[in-house]
Protein chains: 2
Amino acid sequence: MIEDEVAIRRFLRSSLDRKEYELVEAENGRHGLQLAATASPAIILLDLGLPDMDGVEVARSIRDWSAVPIIVLSARGREQDKVDALDSGADDYLTKPFGIGELLARMRVALRHAAKLDASETVLEVEDVRIDLSLRQVLRGGVEVHLTPNEYKMLAILARNAGRVLTHRQLLHEVWGPGYESETHYLRVYMGQLRQKLEATPAQPQFLLNEPGVGYRLKA
Amino acid sequence: MIEDEVAIRRFLRSSLDRKEYELVEAENGRHGLQLAATASPAIILLDLGLPDMDGVEVARSIRDWSAVPIIVLSARGREQDKVDALDSGADDYLTKPFGIGELLARMRVALRHAAKLDASETVLEVEDVRIDLSLRQVLRGGVEVHLTPNEYKMLAILARNAGRVLTHRQLLHEVWGPGYESETHYLRVYMGQLRQKLEATPAQPQFLLNEPGVGYRLKA
DNA sequence: GCAATCCTTACGCTTTCTTTACAGGCGGAA
DNA sequence: TTCCGCCTGTAAAGAAAGCGTAAGGATTGC
């Protein structure tokens with residue numbers, strides 16, 4: 001949310017909290033642009049009347065590098081304001097005052113759109129292995145490889161954090177849930193199975209790598 | 001445009017003609033649904049107060065087989081009307097009276113979205129089976145196969161997400177609605193029936209595939 | 001009242017998970 | 001060097017969970 005009025009901020013914060021949205025707040029344009037880049041929001045609620053720059057400019061800047069849905073919330077009801085904002089990359093425009101129900105519905109629309117879009121941008125390739133997170137499909141040399149739920153979960157987490165080392169605890173927590181953080185032998189078994197299915201020579205892994213004493217990582 | 005009021009029809013016709021949009025008109029819901037399937041519009045402008053059926057129903061029916069952008073134009077300004085329409089698959093909602101400039105801007109937004117998606121095929125062929133979502137028709141080897149409502153719903157969802165794994169929860173939610181997300185045995189029964197009707201050897205399915213512990217998918 | 005469809009249940013079978021056992025490699029200490 | 005402990009990788013087997021199928025009863029719509 002990029003919004004300077006305290007009243008609106010408080011109103012949205014309480015409404016969105018209740019719906020289990022996680023809200024990150026910026027009170028001016030500069031800070032908003034910075035957060036848009038660093039917090040990777042699923043959606044941006046943007047006020048037009050910001051203290052340091054015009055909201056339309058903020059929308060345009062974000063559109064230079066991101067397709068994240070932008071919903072403009074504005075006190076300006078003039079038609080030209082709406083046209084300008086929508087043509088600058090905003091996906092929707094609500095005039096204050098608006099009902100929280102309508103805002104939430106329009107947010108669902110925006111998220112629906114976004115879900116269909118970025119489904120196509122979640123593919124990772126290493127060696128001759130292709131991991132498609134949106135299809136939940138793994139290919140090796142063009143041939144589909146069947147993975148069990150746990151195998152896939154573990155690979156997906158490694159893929160989403162490609163290049164980074166994930167600790168034993170992190171992996172166990174993500175795949176098996178809380179309470180399993182010390183069952184490190186699970187990791188050895190499943191890592192072995194993944195290597196068996198994906199590595200050319202499972203005994204000398206090329207990308208499913210162990211960091212002794214720490215955890216595992218997927219070479220990018 | 002699906003709209004029964006003559007005045008609005010005339011207004012939109014002249015406005016859109018001038019912008020070189022090609023306009024196809026339906027004056028009731030039934031005709032609108034038919035045109036939506038045959039005229040393959042880039043966008044649908046939908047009135048809620050139609051003589052023969054509710055606009056929300058029209059939107060829902062179209063969403064069963066198409067992702068075409070739907071912009072609702074309505075005299076109803078109540079928040080709940082907006083929420084219902086948007087949650088039924090509409091992409092935007094304008095309350096009459098509206099400015100033509102705003103409508104055009106919102107149409108541009110919708111077209112922008114559609115351009116990025118556009119993988120909206122309504123016919124899918126796998127093996128000797130042909131699924132036509134706009135006709136609600138399934139052929140096998142050129143012969144029409146009769147499917148019960150639930151069977152068809154389930155197949156349609158799989159077809160619209162061809163290649164992607166749909167979880168048990170997703171399928172149950174889409175076909176049976178909220179509250180049935182844990183009745184996984186429904187899926188087994190209906191998947192069995194679909195295979196019986198569509199697969200050459202139901203016991204060794206070629207395209208209606210199970211992902212053990214996760215869900216099902218239709219092989220593309 | 002009839003036919004189609006849906007829901008429910010039971011059973012055998014397959015896949016996956018968990019657990020255990022053991023072997024190899026590496027580094028530090030004796 | 002040799003031994004030991006620690007961490008890691010491999011294999012296999014029993015337990016648990018999930019799946020496919022058939023069939024009968026309930027429900028719905030005509």
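Quick note on labels: first sequence line is chain A, next is B, and so on, each numbered from 1. What's counted below: heavy atoms across the whole structure, side chains too, no hydrogens, waters or symmetry copies.
Here D:dC19 presents its C1' atom at 16 Å from CG of B:Leu194, a figure rounded to the nearest Å. One can place CG of A:Leu147 at 10 Å from P of C:dT16, the figure rounded to the nearest angstrom. One atom, CG of A:Leu208, and another, C1' of D:dG9, lie 13 Å apart when rounded to the nearest Å. Atom CG of B:Asn210 is separated from atom P of D:dA17 by 18 Å (rounded to the nearest Å). Atom pair B:Gln193:CD and C:dC6:C1' shows a separation of 9 Å (rounding to whole Å applied). Atom NZ of A:Lys197 and atom C1' of D:dG9 are 17 Å apart (whole Å). D:dC19 atom C1' lies 9 Å from atom NE2 of B:His168, rounded to whole Å. Rounded to a whole Å, the CG atom of A:Leu209 is 14 Å from the C1' atom of D:dG9.
Ion pairing between a basic and an acidic side chain is recognised when a charged N comes within 4.0 Å of a carboxylate O; B:Asp91 and B:Arg63 show such pairing. Using a cut-off of 4.0 Å between Lys/Arg side-chain N and Asp/Glu carboxylate O, B:Arg106 and A:Asp92 are scored as salt-bridged. Taking a cutoff of 4.0 Å between a charged side-chain nitrogen and a carboxylate oxygen, B:Lys96 and B:Glu3 qualify as a salt bridge.
The aromatic rings of B:Tyr186 and B:Tyr180 are tilted relative to each other, their planes meeting at an angle between 30° and 60°. Between A:His168 and A:Tyr216, the two ring planes are perpendicular [angle over 60°; tilted spans 30° to 60°].
Between C:dT8 and B:Tyr186, a contact under 4.0 Å exists linking OP1 or OP2 to a side-chain N or O. In this structure, A:Tyr190 does not reach the C:dT16 phosphate: none of its side-chain N or O atoms is under 4.0 Å from OP1 or OP2. Side-chain nitrogen and oxygen atoms of B:Arg188 include none within less than 4.0 Å of the OP1 or OP2 phosphate oxygen of D:dG20. Residue B:Trp176 has no polar side-chain atom (N or O) positioned under 4.0 Å from OP1 or OP2 of C:dC6.
Proximity note for A:Pro149 (side chain, C-beta onward) versus C:dC17, D:dC19, D:dT8: the nearest is C:dC17. Between C:dC7, D:dG20, C:dT5, one nucleotide has an atom nearer to the side chain of B:Asn150 than all others, and that is C:dC7. Of the candidate nucleotides C:dT19, C:dC17, C:dT8, C:dT19 has the atom lying nearest to any side-chain atom of A:Glu183. Here D:dA11 is the nucleotide among D:dA11, C:dT19, C:dC6 with the atom lying nearest to any side-chain atom of A:Gln196. The side chain of A:Thr148 lies closest to C:dT16 when the candidates are D:dT21, C:dT5, C:dT16.
Heavy-atom nearest nucleotides on DNA chain C were determined for A:His146 and for A:His185, and the one closer to the 5' end corresponds to A:His146.
The CG atom of B:Leu45 sits 13.0 Å away from atom CZ of B:Arg9, with the distance rounded to the nearest 0.5 Å.
Less than 4.0 Å separates DNA chain D from at least one heavy atom of each of the following residues of residues 212-220 of chain A: A:Pro212, A:Gly213, A:Tyr216.
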Self-check item: Intermediate values then yes/no, side chain to side chain donor-acceptor pair (under 3.5 Å), B:Glu151 and B:Gln193
Solution: CA-CA 8 Å; B:Glu151 287 166 6; B:Gln193 290 170 188; 2.8 Å; yes
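At least one side-chain heavy atom of B:Lys82 sits less than 4.5 Å from a side-chain heavy atom of B:Thr95.
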